[in-house]
Amino acid sequence: MRSFFTEAVKTIKTSGTIRPSSKYLIQNCLDDLNFKNANLILEFGTGNGCITEQILNKMNENSILISFETNKVFYEYCKEKFKNTPQLIILNESAFHFPNKIANFSLLEPDLIISSLPLQLFEKTEVLSFIVNIHNSLRKNGTFVQYQYSLGVYKKLQYYFKKVTLRLTLLNLPPAFVFKCLK
């Protein structure tokens, strides 16, 4: 794979960043999540797999992780990187169509959904529909994690989820907000 920076800049409208997530951002996204009891985990935006790798390290042996990545270069890179990981299914598909895709696998409701999609770059109606689909798809007491570089979706998340916690990760370029949303 060419450098993350080169690929991210080339596709900034869908990647939303120019650098991989820092270990501090990954930690803020994944700590306090109930991986032990999670059967189905969805990841939106595989990127270079830095968050994917940490999710795989935390999941129980019976869990399934389905990760969505539209960027063909990142998708191919991660397919090769994780080729010996049977618990992981990587799809070169838009996460906006995730309800239909998980229905194809006849899987249960997701316990955890972790997203790095740059929601501020999409149409407002598309983002609203996406958030509603996430809320409706999650298992009761499931958690949706979204990180962003702005507070743009905060009020929408507060409207749909019973509890939304907000953290700021300063040790990331750029600094990022992490929203943890409980259904």
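One-based numbering along the sequence shown. What's counted below: heavy atoms across the whole structure, side chains too, no hydrogens, waters or symmetry copies.
Residues H97 and F68 have side chains not in contact (no heavy-atom distance under 4.5 Å, counting atoms from C-beta outward). The shortest side-chain heavy-atom distance between K163 and T165 falls under the 4.5 Å cut-off. Side chains of Y159 and I131 form no contact here, defined as non-hydrogen atoms less than 4.5 Å apart. The shortest side-chain heavy-atom distance between L42 and I102 falls under the 4.5 Å cut-off. Residues V145 and I113 form no side-chain contact, since every pair of their non-hydrogen atoms from C-beta on lies 4.5 Å or further apart. Counting only heavy atoms from C-beta outward, the side chains of F98 and S137 approach each other to under 4.5 Å.
Residue L173 holds its CG atom at 11.0 Å from CG of L25, rounded to the nearest 0.5 Å. Here the CZ-CD1 distance, from F74 to I90, works out to 13.0 Å after rounding to the nearest 0.5 Å. Atom-to-atom distance recorded for L182:CG and K180:NZ is 11.5 Å, nearest 0.5 angstrom. The line from NE2 of H135 to SG of C181 is 10.0 Å long, rounded to the nearest 0.5 Å. Annotation: the span from N34 atom CG to D32 atom CG amounts to 10.5 Å, rounded to 0.5 Å. Note that the CG atom of L138 and the CG atom of D111 stand 8.5 Å from one another [nearest 0.5 Å].
Between N60 and N62, the shortest heavy-atom contact is OD1-N, 2.7 Å. Closest approach of L117 and Q146 over heavy atoms only: O-NE2, 2.9 Å. What you find for C78 and G47 is that their closest heavy atoms are SG-O, 3.3 Å. Nearest heavy atom pair, residue K183 against residue R139, reads CD-O, 3.7 Å. Taking every heavy atom of both residues into account, Q148 and L119 meet most closely at OE1-N, 3.1 Å. Here the closest heavy-atom approach between residue Y75 and residue N92 is recorded as CE1-N, 3.4 Å.
One hydrophobic cluster, built from ILVMFWY side chains closer than 4.5 Å, cannot hold both I51 and Y24; they sit in different ones. There is no path of hydrophobic side-chain contacts, each under 4.5 Å, that joins Y149 to L171.
No donor-acceptor pair under 3.5 Å is formed between the side chain of S129 and the backbone N or O of E126. A side-chain donor-acceptor contact under 3.5 Å links E69 to the backbone of N71.
Checked options L65, L112, I66, L88; the residue passing with E43 is L65 (criterion: side-chain contact (heavy atoms from CB on, under 4.5 Å)). Among the candidates F144, Y147, Y154, the single residue satisfying the ring pair (Phe, Tyr, Trp, His ring centres under 6.0 Å) test with F179 is Y154.
Taking 4.0 Å as the cut-off between side-chain N and carboxylate O, E53 and K81 count as a salt-bridged pair. For R167 and D31, the salt-bridge test passes: some basic side-chain N is under 4.0 Å from an acidic carboxylate O. No salt bridge links E76 with K79; every basic N to acidic carboxylate O contact stays at or beyond 4.0 Å.
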Could you please spell out the steps behind the side-chain contact (heavy atoms from CB on, under 4.5 Å) verdict for T143 and F161? CA-CA 9 Å; T143 303; F161 291 89; over 6 Å; no
Could you walk me through whether K58 and L30 pass the side-chain contact (heavy atoms from CB on, under 4.5 Å) test, one step at a time? CA-CA 9 Å; K58 292 176 176 287; L30 302 184; 4.0 Å; yes
Step-by-step side-chain contact (heavy atoms from CB on, under 4.5 Å) determination, I114 to L33: CA-CA 10 Å; I114 301 156; L33 297 181; 4.1 Å; yes
Verify side-chain contact (heavy atoms from CB on, under 4.5 Å) between E109 and L40, making sure each step is shown before the conclusion. CA-CA 7 Å; E109 300 164 312; L40 177 59; over 6 Å; no
Under the criterion side chain to side chain donor-acceptor pair (under 3.5 Å), I'd like the reasoning laid out for T169 against N28: C-alpha separation, chi angles, the key distance, then a yes or no. CA-CA 7 Å; T169 306; N28 267 346; 2.6 Å; yes
ring-ring contact (aromatic ring centres under 6.0 Å, His included) for F130 and F44? Distances and angles first, verdict last. CA-CA 11 Å; F130 186 58; F44 300 151; 5.4 Å; yes
